[in-house]
Every structure is written in structure tokens, then in C-alpha cells.
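One structure is given below, encoded as C-alpha cells.
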Amino acid sequence: MTSRHFYPLICAISFVFPLITNTSPCHAAGPSLMISEFMSANDSGLKDEDGEYSDWIELHNPGPESIELGEYALTDEVDKPFKWKIPELSLEPKAYLLIFASGQNRRESEQTLHTNFKLDIGGEYLALTRTTEPLTVMHAYAPRYPKQKKDVSYGVAASWTIDQPFGESEQFLEHSTPGEKNAQPLRGNVKSVRLSHKRGFYQEAFRLVLTSSTEDADIRFTTDGSLPNQQASTPYTQPIAISKTTILRMAAFKEGHRPSKTKTHSYFFAKDIIRQSPDGLPPEGFPYTWGQNQVDYGMDPDVVNDPRYADAIIPGLLSLPSFSLVTDMDSMFGEENGIYSNPGEQGRAWERAASLEMMDPSGEQKGFQVDCGFRVRGGFSRMPLNPKHALRIFFRDVYGPSKLKYPLFGKKGAKAFDNIDLRTFQNYSWSFQQDPRALFFRDQLSRDLHSAMGQPASRGEFIHLYINGHYWGLYNTCERIEASYGASYLDGKKSDYDAVKVDSGFTTRRSSYTVIATDGNLDAWNRLYDKAAAGLENNAPYFALQGRNPDGTPNSQFETLLDVDNLISYMLVIFWGGNLDAPITKFGGNRGPNNWHGIRNRNGKHGFQFFVWDAEHTLLDVHEDRTGPFNTGASVAYSSPQWLWQQCLENAEFRLRVADHVYAHFNQDGVLSEASLRESILRRALEIETAVVAESARWGDVPHGFQAGPPRRVDDAGNTLKGPLNRDDDWRKELKRILEDYLPTRNQVVLAQLYPHGVVSDLTPPRIQRSGSLIEMKSSPGETIFFTTDGSDPRAVGGQVSPEALEYHAPMRPERHKHVIKVRSRIQDEWSPLTETKR
Amino acid sequence: MKELKRLIQQVGWPGKPLPKLAYLTLAFTLPALGLSANTEDPLNATRVRMLAKFDANQDGKLDAPERETMRLTTKKERMSSRRRRGGGSFKIPASFLAKHDKDKDGEMSPSEWGSAEKKEKEILVRDYDADGDEKLNTQEKKLLMKAVSKGAIKGIPAHYARQLANDGRNKARRGEKRVPEHLVKSNHWLSFDRDEDGLASREELEAIRGEMRHP
């Protein structure tokens, strides 16, 4: 046996044996080196030099002599005692050394050290060993340390003394101290700070009193968005005079106790908000630069002092609920760390902690405060040229509650949210491209219309946003279309859902502009594509997609992959809006998909349902024709609802179903009738009419950075307009164009575009009149009227009269039915669109 | 009748002038369908145009087979028109069709277009990859673009070559869309940041305002 073979044997005997007999090896002459603390569930604590929350291990020299660390190693395996040898370093007496257990294996002694292994949250062996004679385990957490807690370290108690064995002193350390002496265990929580005044909007100055019911608590506060601490934050010694917009974050501290939870309260004074940074300089405490991003601060005096807006600017600020986002300046604007300064960055690494408050100046809504995470969101709008970025708010237990429990969208909306979007108006906005066509509700209107058609849609409302107390303009809340949406509004659990969308946007990585799954997987979407690509002209494959037999009756053996009614109504919204950028994009030659979301419950009965998303490129040219067909959907990666629509159009049953929807939505009081559309548009316009004045003051004067400038602004006499974009000169003009030019003819234009596709009927359904309890139906000469009372279609698949249908002859007095009466007329082989009685 | 003729002229009648019988038929059938010679109404105008074009049996209405002919004709016309637009002046040559029309139906389906594009781009890369690294560098892209401008790329849609030559330009464009220097007034403010913390203090702001008043 050579020495090469003999050495591992020696190691195995000398290391394994003491571990079997004693979980913590002795240190007869007192320990000379120890693992004083480690963290294996680092979720939001100490970051390494790469910005990662790596595990870490702290070594401590408790003795009176320096120790040469080159003689020692760290390991998480009993069989590999020298798994990671510590480089040649000297550790002074009483000193600490921090080593990240990231698996990166960085051993350069002048740089941050990283072991070649990570620590297991579930518990494992961890030891410090000596690599020179006498070979020994200096300190081991053996046979394994216990299962670890998130952001809580484990190690030797602060009360440990050099003559004690380690084992009795090993414990969880709630207050981790990497690289420093371990903290004493904490004795209970300091009670929260109580405030004498609620958050919200004030007109008069007041004195704010802070109290804590914990005796001798030391209350500290900040006004710059940062979290309070006992070292640097202002101590509360007397009531605080609040006479201007102020963002307060406060906590109570007491030696040996856990600090109280930080509270955040925003106090707004509209009269000083309208005067914020009138010269465009940063407000005090705000950064001069936002990294690579264009900077813009302040309320433009040209708008604030404009006599037209003298009575509108403050009511405009108070006309909508306000969101106050409070965070430390570095998280938002720091050159390296700030998400606003690096707007192209995506993912969890670019999520930062904040407080979000909602305040309703009208008092109608209760409002909330929640600690949360936030990121920059969006595609095109992420460009650094855009000073007003869209944001996404995340609710996670690392920040506060794991859900926001608040009815953000009224009684009919969800009551709890994993996240919400705060949308801006990237295209056709004042802030980004200085576009006088800014309307601010193009996308919201499309979502409203789809919802009004009885389909699930992303809800949204308008709000004002403040960042650390500085007014940030008009924003639009928006629900994310993902598994949690399905579980909230449809059926089943989050885990039941596949959520698909297009990977797109201006980010630091290159977007693929292909279909991806954000929840679940693409298996069902791939099956849907394959079946649709094989052809849907015949009823068998067409109805099979809907979980039905060729005669349209349900078949539980078939999986439901497509919600045809949802697809039709989705596409009608797209067509009416003349949407250039969804679900396929004109900017990509009408080939590739963009801006659509779809979800499907794998155990549900609906099939894929589609959602209007980012409908910014809408309401433009009244003659815009998006009905296609287009050379799109060349592969499943580039598929979209529009491609499905084109495939389905080959089927006669589908075309009749479209004709039914066209009649229902475009005629009389349908969602896409002129009267209903006017009402939908005006509802949103009136909602933001005064708020737009504040948006104008904040963002109406941003210089545009595009080579091709925005469209020229002219007044009614054709003179070029100068000065900030504003409500009366620009927003109202665009609204007027929509109401007077686009709206009156658009639905007839769209019907004309749809007609050659064979989806607009030349027949009109029978007219149904009620006279007391009598129902009378009238149709054109030569047509026969058929109706049902069980909710089914009077026409059977294939064109025959349904066995359930009755022929109408004379006014009738129907019984009270559970279902509406459904009616069609027929002439020769042709059926009218479906109509029905109102409930 | 005059009104109807005016309408048909206004909505852009394709092909030959209509026979007199067609005008007569339309004049009687439009009111029955609830249509009028109202050019203000795009739907009615389209109906009239489609009726005149596809009412093969001239009974004054489009029955199911006629509507299907209308639909298929519309689809064919639009797809071929879009193909033309997609490929600039590209008209599918027989060699291209022979190579990529896998099902030999004489048409290029979307999936056939997809695989054709991929294959033809691979061939272009091979042809212009002078250094043999299986991708086009800036110089090679310039040569390809030169060939496009000279019209030397034949037999395939020119945008295949343009896309390859412009590949990576998006990245450059993103670079261009960084904030132009003249817009970054905030950089000038930094010279007042005496404590170099990047944040505006009251004293620093007063100094900047002083300079703004007396530049």
C-alpha cells in the first residue's frame, strides 16, 4: 500500500470516528477556530458581489493568537473532509471571516471567498477541518444541522464562552450578523408605532404624534423612503409638523428586542403637489440622474398656471384614487441597483422592496397599505428614452402578505391578488413620444368591450401614482392574465392552468416573439395547433376542438381545447379597434404574434380563452382592415388567435356562429353598436377628464428623443401649437376625432370588411315584440320562424331544424321558462342570425 | 338606375362594365334586402359590390354556394396580394415553387413559407460566409446588402436577404435609443453634487438655481 492509498484511509478513520461518537468534537485546549454562524436559506439578506443571495458561512477566531487559515478546510460531506480548502489568509484574534457558500469556488485571497458547495436548507453535515497534522475536525454541525428557516442564520449563541462545548450553544439566530459578533437573543417584539393621523390628503397642517405602547421604545423615522434603523434614522422626540407632502416610514426599537414592524404613511397636500419642482430640478433628496434613463421631474408651471386649468388641476389630482409607492432611492434610481435606472432588466433579480398605499380622496374606498415588491414592466416602453415606466407590483411573504386582499376592482372583481400591473400609455402618450393623440384609455376600452361581451377580461381602473411623494402621473391598474386569474374568476386551482402569451418586449435579452407558457406548459396549445393546422373545414375536427361530436353534442371523451365564442368576441374587439399590434403585429409584416394572452384549465370545460392585451395601437385609421387573412402561424411558435380564426373560417358552422355574434354585438344595443360604444368611450373619458390636467402638468413637456418627431400639433385654424401637450388642445381634440370621425362609421366599415369573409348575414333575425304577456315575432315575407324554449339553437348542426325547435305561427303567451327563447328565421336553406328574448 | 350606376362607380367596380340586366336586378333586389344606394354606408356598398360580382345566377341575392365563392375568392386575392407585398416585387418563380411546394398543390401554404424562408436563409448565409464561421460578420452583411441593392438576389424574396443583412441592427438601434446627450440635462446637474452622493441637497439645489438665474 502506497502512501497515496494510505492517506484517505487515515482521514476516514480519524474523521468519521469522532462524528459517530460525539456530535461536536472536543477542543481540549479551547477552540482555536470555529464556524460561528451560517445561513443556508438566504432569501433577502446579504448579497454577494454578483448581487445573488448566496448562502454564507462565518468563521471566528475566539483565541488570543492569529490563525493561518491555509491549514483549514470546509466541507458538507463526511467522506470529503477537505472539500474546500481555505486559501492562505491570516485571521486575527477575535476576528471574523465571511465566506459565501455559493458553489462558485472562488479562492483568490484578496477577493470575496466562495466555497465549491452550497448549503442544504433541509439540514446537512457542515464542518471545519484541519488539513495538517494533527488532522482533526475543528468544529462540526453533526450529524446534521436542523432544517433552516428563511433569512434566519444558525450558529453559536452570543452567550457562548471559550470554555464551553459548542453543541449546547448552537441555535437559530434571528438577528443574523455576518462578519460580526453574534447578537444576543431577542426578547419579544417592540409594539408597533401608533400615529395620530391617518394617511391621505390634507389641506391644513397638523402635528403628527407617534407612540408605542412598549415602554422606553426608541421611535425612529425617515422621510426619504428608506427603512428606518436605530443608527442613522431620525429619533422621534416631539410631534412632527406636517405642513407639506411628506412620506414617513417609522419603527420602534428597544435594546434586546425585535424592532416593531415598519409602518409607512403618506401625507399629501394637493396645493404643494401642483408646485413640485416647477423648474424641473430634482426634489430635495431625489437623485440627479436615473442611470441611463431620461430624467424628468416636476409640475410644469405652463400648465399649472394656465387659466384654463386654474380650477381643474387640484380637482384633477383628487378625482381618482392615489397610489403611493415608497422605497429607498437606491432601489428605484441607483445607477447599478435601481430598477428605474436599468429599465431593460427583467426577472426576480430586478425586483425591489417597497410599500404601496392606496388612498381615495373621495372617501368612497377604504384604501390599504401593503409591503410589496415591484419591477419595471412592459415591452417597448422599457426604453431609457421613456421617463415614465410601467410597473408591476408583487405580493410575497418575503415583503409582507403573500396576497393583496382588497377588492381593487369592486364587488365583481377578485378579492385577492398575487400581483397587479400599473400600466402607462406607452404608445400615443405624452410622456414617451410627445404624441398629441394620447387618449390614455385605448387599451382599457378594448378590455372593457371584451368584458361587456360577457367574456372574461382583465379589469382595470385609473389612478394617480406617487413615487416617494413625487407625483408620477396617471396610471391604469390591470390584472395579469395568468393561472391565478383563472383560479380567481373561472374555475379550478392555479395549478390546473396553462397560461400562454408571446415573449416580446425591449429588454436586455433578446425577445423571441414566440408563444411561451408562463404557467403550466405548452402541451395543450401544441395539440390545439396541430389539430387546427390539419384543417377545420369538416365538422368532425372543428367540433372535436370544442369537446363535441360532429353533430355538436358534447362528448366527454374529447378534450376541450378551444372556446369558440370567446375567440369570436376577442377577434371582433380586435377588428373594431383596428388593432395593429395584436394578436399579430403589423409592425412585423403581419406574420408574427404579439400582445395576446390565453389561458385554459386542463380539467375545465372551456378550452383556451383569449384576452385583449396592450391594445395601444387602436382607434387610429377608420378604414384600418385587420380581418386578413394574413400569412401567419407558419409554426406553433408563431401561432395566435388570429391564425386560429383563419383556420376556423373554413368551417361553415363557425361562420354562422360569427354571424350570430356580429348581429348580437353590432346591431341595436349590442356592445359594438354606435350608441353603446359612445357610452363606453364617454364613461372612461369622463372618468379621467380632470385627471388628465395633472398628467399634462407632469409629463406634457418631456422632450422627445426620436429621430422622427411626433405628429405636428395644430389648432382648429391650422396654426402650429407650442408648449406642453395638454387636455384642451390635444386630449379633447383626439377624443373629438374618435367620437366624430371614427365612431360613427367604424362599425359599418368593419361589417363591410367582414362581409366578404362570409360572416355577415344578409338576413335579419325575426323582430321580437312583447305586448303584456304576449310575445309576437315578425320576419320578412317568405321566411319561416323557428324558436326553442330550452336555451338550445333552433337550427341543428348541418342546417336542419332542431328537433327541439317549434315553428312560430301566431303571438303566444309562453310559460315562465328557465331559459330565454331563442329564435331564427329560415328562407330556403338559409338561416338568419340567432336572436333571443331578453330575460 | 342613375343612382345605382353612380354608386357602383363610387365604390370602385372591378372588371368590365355591368350588363344592363345586372343593374335592373340590383335595382329591384336591393330594397328587398333592406339596402339602399347609400354610399355613406360602407356595408351596403360592399354588399352591392359583392352581389354584382358573385351573384352568378343573378337572382338578386347571394346563396350559400355564391357566398362560398365570394369568401374563397377574397381569401385567395388577399393572400396572394399580401405575399406579393411581403416579398416586395417577388413573384413566385417556378424554381422556388418546385423546391418548396411540398404538397405540390401549386400554392405556398404558411408552413411551406416558413420552411422555405429558413432554408433559403441558410443558403444565403453559406453563400456570403467568407470566413466560414457559419454566420455573417459586418463585412459579409455589407456585401449581402450590396447584392440586394444591385438586385443580384434573385429567385427568393428580397426581404430574406435584407433581414439577414440587418440582423443585429436592432441591437444597435437599441443603443441609439439611449437618451441623447442633449436631453440629459441631469448630467450637468451632477457638477453641483458637492458631497457626491448623487442626491440633490438643499444647498446644491440653491447653487443650481443660482446658476440658472445668472448663467
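So that the names make sense, note that chain A is the first sequence line, chain B the second, and so on, each numbered from 1. All figures in this text were calculated on a predicted structure; none of them were measured in a lab.
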Honestly, the part of A:E830 sitting under 4.5 Å from a heavy atom of chain B is side chain
One should read off an interatomic distance between B:E206 CD and A:L281 CG, to the nearest 0.5 angstrom, of 11.5 Å
Looking only at A:Q753, A:E650, A:H623, the option with the highest number of non-hydrogen pairs under 4.5 Å against chain B is A:E650
Counting only heavy atoms not in A:K244, do more than 12 sit closer than 6.0 Å to its NZ atom?
-> no
### Task
Would you mind reporting whether A:P282 and B:L205 have side-chain heavy atoms less than 4.5 Å apart?
yes
Correct closest heavy-atom pair for A:Q748 and B:P42 would be CB-CD, 3.6 Å
Max heavy-atom pairs within cutoff under 4.5 Å with chain B, candidates A:D829, A:T764, A:V760, goes to A:V760
- Query: OH of A:Y638: more than 12 outside heavy atoms within 6.0 angstrom?
  - Reply: no
query: Is the number of heavy atoms from other residues, nucleotides or ligands within 6.0 Å of CD (A:E537) greater than 12?
result: no
Greatest number of non-hydrogen atom pairs under 4.5 angstrom with chain B, of A:V750, A:L649, A:D224, A:L754, falls to A:L649
CD of A:Q828 to NZ of B:K61, rounded to nearest 0.5 Å, is 4.5 Å
Nearest heavy-atom approach of B:R78 to A:P756 is NH2-CG, 4.4 Å
Smallest heavy-atom separation, A:Y288 atom then B:E204 atom, equals OH-OE1, 2.7 Å
Interface check, chain B: of A:R655, A:E335, A:H757, most non-hydrogen pairs under 4.5 Å belong to A:R655
Rounding to 0.5 Å, atoms CD1 (A:I827) and CG (B:D63) come to a distance of 11.5 Å
Residues passing the salt bridge (charged side-chain N to carboxylate O under 4.0 Å, His left out) test with B:R67, sequence neighbours excluded, are A:D762
Honestly, the part of A:P781 sitting under 4.5 Å from a heavy atom of chain B is neither
Okay, A:Y755 and chain B: the region with an atom under 4.5 Å from a heavy atom over there is both
